[in-house]
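This report concerns only the one structure given below.
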Amino acid sequence: MNNSFPVWAALLAAPVLASAEIVTLSGAKGNGVANDTAIIQKAIDALPERGTLIIPPGQYRCGGLKLKSRMTLRLAAGATLIGTGNINDYVSWKHLQKRAYGLNRAFLFGYDLEDVTIEGPGTIDGSGHLFWDYDGERSGDIYDLLTDGWKVYRPQKERPVPVLLHSCRNVVLKNLQIVNSPAYTVWALGCDKLLIDTVIVRNHRFGPNTDVLDIDCSADVVIRNCDLDAGDDTIAIKSDSGLLGKVKACERITVENCRLSSSTCAVRTGYEGDAPIRDIVFKNIRIVNSRNGFNFVSVVPEKQQFAGTRIENMVFENVTMDTVGRPFFMWSGVVLPEHEKLYTGFIRNIVFRNMKIYAVDAAFFGGNNVSDITLENIDITLKDNHCRHNREKVEKPTVWARGFMPEIINTLNTKLNLKNVTTRTIK
């Protein structure tokens with residue numbers, strides 16, 4: 001098994017763009033009440049080549065803003081862009097090959113752009129609470145994450161994405177805070193050369209589909225020094241060629257020095273899509289209070305995606321997990337026998353190395369075409385609890401990781417390469 005990967009050193013230095021002119025926004029109310037969309041959009045449109053627009057301190061209530069190539073949007077300390085909460089105020093995303101599950105509007109939007117920077121230290125507030133319906137607060141206890149009745153708030157029919165980048169190149173997000181997202185927080189579809197550095201995200205724990213970073217059919221991506229809390233997946237590596245309208249691999253991605261917390265998956269790979277996912281490194285990662293640590297799904301039967309994703313060449317190293325449900329969940333294949341002939345996906349050449357884990361549920365690796373999976377220098381402590389044993393015992397869990405499995409590490413049709421793996425159960 002080849003555990004060596006190329007070093008994406010060139011990606012760690014984003015292009016430095018010499019700014020032709022620095023412009024400070026003027027004329028906007030910035031009082032959190034008046035709608036400042038038109039004034040900010042006019043300032044963006046008027047920026048010269050490689051210009052920088054500074055949003056000064058204030059609360060700027062606005063709808064969708066269209067970015068343009070070779071520009072920098074800088075939110076000063078104390079500056080907040082606040083979504084209006086009216087879906088009709090946001091940019092309509094008309095470049096999709098199919099509808100994106102009600103996520104067809106954007107707050108900050110870029111299509112076919114290059115050399116774009118969005119930076120802080122200010123804040124983007126997505127006004128997510130205005131896009132779902134509440135039915136009472138829920139407990140945040142980690143054991144609730146094990147129940148099959150886990151629910152989130154009810155989403156409205158359409159919700160905007162705070163930062164939506166489609167087919168863009170050389171994009172930087174840095175030194176920025178994003179809070180209260182209505183749905184996916186940052187969605188990069190079909191992009192190349194993306195740097196996300198020192199970004200803090202705080203989403204509602206029960207906000208529906210409030211993924212933090214959705215890296216979808218994108219290549220040459222670096223995510224580093226980020227602190228991310230999600231109501232859904234924290235980092236989702238996907239390859240939905242159906243949305244993009246062409247097959248484009250999600251590849252050459254490095255994630256390092258990040259803290260991740262999620263009510264679903266800290267890292268999810270392969271869900272939604274059938275284009276290849278490959279050559280990915282996660283290192284120096286801390287995962288806390290998450291239903292799943294590392295989750296792999298190579299098919300989505302209910303979305304009629306039976307071919308499966310071809311997932312390969314990934315390394316996860318130097319990781320701590322503090323209070324997670326399933327530390328590892330790897331599920332490959334189909335649900336019904338009649339779909340087996342359609343499945344061409346696989347999960348292979350995946351390495352997990354140097355990890356200390358405190359979990360409350362079991363790990364699973366299995367299904368069709370799962371091979372060359374290595375666990376090296378892994379220490380797992382499982383705190384046994386009544387929630388685990390109240391579920392039906394299964395040989396293979398559902399694609400959503402439901403079901404009780406008695407062992408700390410469970411496999412099905414899969415042989416693991418185990419090197420210095422220690423497990424223990426505590427009451």
Side-chain angles (χ1 to χ4, degrees), residues 1-7 142 224 234-235 237 253-262 265-270 277-298 311-332 346-367 369-385 388 395-397 401 404-427:
M1 179 177 178
N2 181 9
N3 293 341
S4 62
F5 285 81
V7 178
I142 185 64
R224 64 188 183 192
T234 312
I235 298 178
I237 309 296
I253 298 169
T254 296
V255 182
E256 59 181 352
N257 303 326
C258 291
R259 173 193 172 275
L260 311 177
S261 182
S262 167
C265 304
V267 179
R268 172 169 272 169
T269 302
I277 295 176
R278 61 197 177 207
D279 299 342
I280 296 171
V281 175
F282 279 75
K283 58 185 178 180
N284 304 330
I285 304 297
R286 182 180 175 222
I287 297 173
V288 298
N289 196 24
S290 297
R291 183 172 185 172
N292 293 275
F294 299 125
N295 177 284
F296 298 74
V297 176
S298 176
I311 301 170
E312 63 184 335
N313 300 345
M314 299 181 69
V315 169
F316 300 80
E317 61 183 358
N318 301 334
V319 175
T320 61
M321 298 189 197
D322 185 2
T323 313
V324 298
R326 297 197 190 281
F328 308 104
F329 183 77
M330 189 172 289
W331 199 101
S332 174
F346 54 73
I347 303 175
R348 68 190 185 194
N349 196 20
I350 313 294
V351 177
F352 303 96
R353 180 189 297 127
N354 301 335
M355 299 187 182
K356 190 171 183 62
I357 297 166
Y358 179 86
V360 296
D361 206 356
F364 175 77
F365 301 85
N369 302 338
V370 178
S371 61
D372 292 322
I373 310 300
T374 297
L375 277 68
E376 180 179 354
N377 296 332
I378 307 294
D379 185 294
I380 303 176
T381 298
L382 175 66
K383 181 173 175 57
D384 212 3
N385 60 89
R388 267 173 41 83
E395 182 183 30
K396 181 180 181 181
F404 167 67
M405 291 174 290
E407 305 300 327
I408 294 178
I409 298 176
N410 301 268
T411 63
L412 178 66
N413 301 329
T414 301
K415 182 179 179 181
L416 302 178
N417 304 311
L418 301 180
K419 303 176 182 179
N420 190 28
V421 175
T422 302
T423 65
R424 68 186 63 82
T425 300
I426 61 174
K427 297 296 183 180

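Residues Phe296 and Phe346 place their aromatic rings such that the two centres sit no closer than 6.0 Å. Aromatic rings from Phe352 and Phe328 are positioned such that their centres are separated by under 6.0 Å.
Using a distance-only test at 3.5 Å, with no hydrogens or angles considered, no donor-acceptor pair links the side chain of Thr374 to the main chain of Val351. Formation of a donor-acceptor pair under 3.5 Å by the Thr423 side chain with backbone atoms of Ile380 is not found in this model. Of the possible polar contacts, one joining the Asn410 side chain to the Glu407 backbone as a donor-acceptor pair under 3.5 Å is found. No donor-acceptor distance shorter than 3.5 angstrom exists from the side chain of Trp331 to the backbone of Asn295, with no hydrogens or angles considered. Between the side chain of Ser290 and the backbone N or O of Val288, at least one donor-acceptor pair lies under 3.5 Å. Remark: side-chain polar atoms of Lys383 are paired, donor with acceptor, to backbone N or O of Lys427 under 3.5 angstrom. A donor-acceptor pair under 3.5 Å is formed between the side chain of Arg326 and the backbone N or O of Ala401.
By the side-chain hydrogen bond (donor to acceptor under 3.5 Å, both in side chains) test, Arg259 is found to be paired with Asp227, Asp229, residues two or more places apart in sequence or in another chain being considered. In terms of the side-chain hydrogen bond (donor to acceptor under 3.5 Å, both in side chains) criterion, Thr425 has no residue partners (sequence neighbours excluded). Remark: Asn377 engages Asn354, Asn420 in a side-chain hydrogen bond (donor to acceptor under 3.5 Å, both in side chains) (not counting sequence neighbours).
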Taking it one step at a time, do Ile237 and Ile280 satisfy side-chain contact (heavy atoms from CB on, under 4.5 Å)?
CA-CA 10 Å; Ile237 309 296; Ile280 296 171; 3.7 Å; yes

Run the side-chain contact (heavy atoms from CB on, under 4.5 Å) test on Ile350 and Phe316 for me, step by step, so that the C-alpha distance in whole Å, both residues' side-chain angles and the decisive distance to 0.1 Å come before the verdict.
CA-CA 8 Å; Ile350 313 294; Phe316 300 80; 4.0 Å; yes

Take Leu382 and Tyr358 through the side-chain contact (heavy atoms from CB on, under 4.5 Å) test and state the conclusion after the steps.
CA-CA 6 Å; Leu382 175 66; Tyr358 179 86; over 6 Å; no

Evaluate side-chain contact (heavy atoms from CB on, under 4.5 Å) for Lys415 paired with Phe365, printing each intermediate quantity in order.
CA-CA 9 Å; Lys415 182 179 179 181; Phe365 301 85; over 6 Å; no

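Side-chain atoms of Val360 and Val324, non-hydrogen and from C-beta on, never get closer than 4.5 Å to each other.
With salt bridges taken as basic N to acidic carboxylate O contacts below 4.0 Å, one links Glu256 and Lys283.
Here the shortest heavy-atom pairing between Ser332 and Val370 reads CB-CG2, 3.6 Å. Nearest heavy-atom pair across Leu375 and Val421 is O-CG2, 3.5 Å. Between Thr414 and Gly366, the closest heavy-atom pair is OG1-CA, 3.3 Å. Here the shortest heavy-atom pairing between Arg353 and Val315 reads NH1-CG1, 4.0 Å. Heavy-atom minimum distance, Cys258 versus Val255: SG-CG1, 4.1 Å. Listed here is the closest heavy atom pair of Met355 and Glu317: CE-N, 4.4 Å.
In this structure, Ile426 CD1 and Asp384 CG are separated by 9.5 Å, a value rounded to the nearest 0.5 Å. In this structure, CG on Asn289 lies 12.0 Å from CD1 on Ile287, to the nearest 0.5 angstrom. Taking OG from Ser262 and CG from Asn292, the interatomic distance works out to 8.0 Å, rounded to the nearest 0.5 Å. A distance of 12.0 Å separates CG of Asn413 from OG of Ser371, quoted to the nearest 0.5 Å. Between the OG1 atom in Thr269 and the CD1 atom in Ile311 there is a gap of 6.0 Å [rounded to 0.5 Å]. Summarising the geometry, atom OG1 belonging to Thr320 is positioned 12.0 Å from atom CG belonging to Asp379; distances are rounded to the nearest 0.5 Å.
Asn313 and Asp279 form a side-chain donor-acceptor contact under 3.5 Å, judged by distance and modelled atom types alone. There is a side-chain donor-acceptor pair under 3.5 Å between Arg424 and Thr381.
The environment of NZ in Lys396 is crowded: more than 12 heavy-atom neighbours from other residues, nucleotides or ligands sit within 6.0 Å.
Taking the six-membered ring where the residue is Trp, Phe364 and Phe329 present tilted rings, their angle falling between 30° and 60°.
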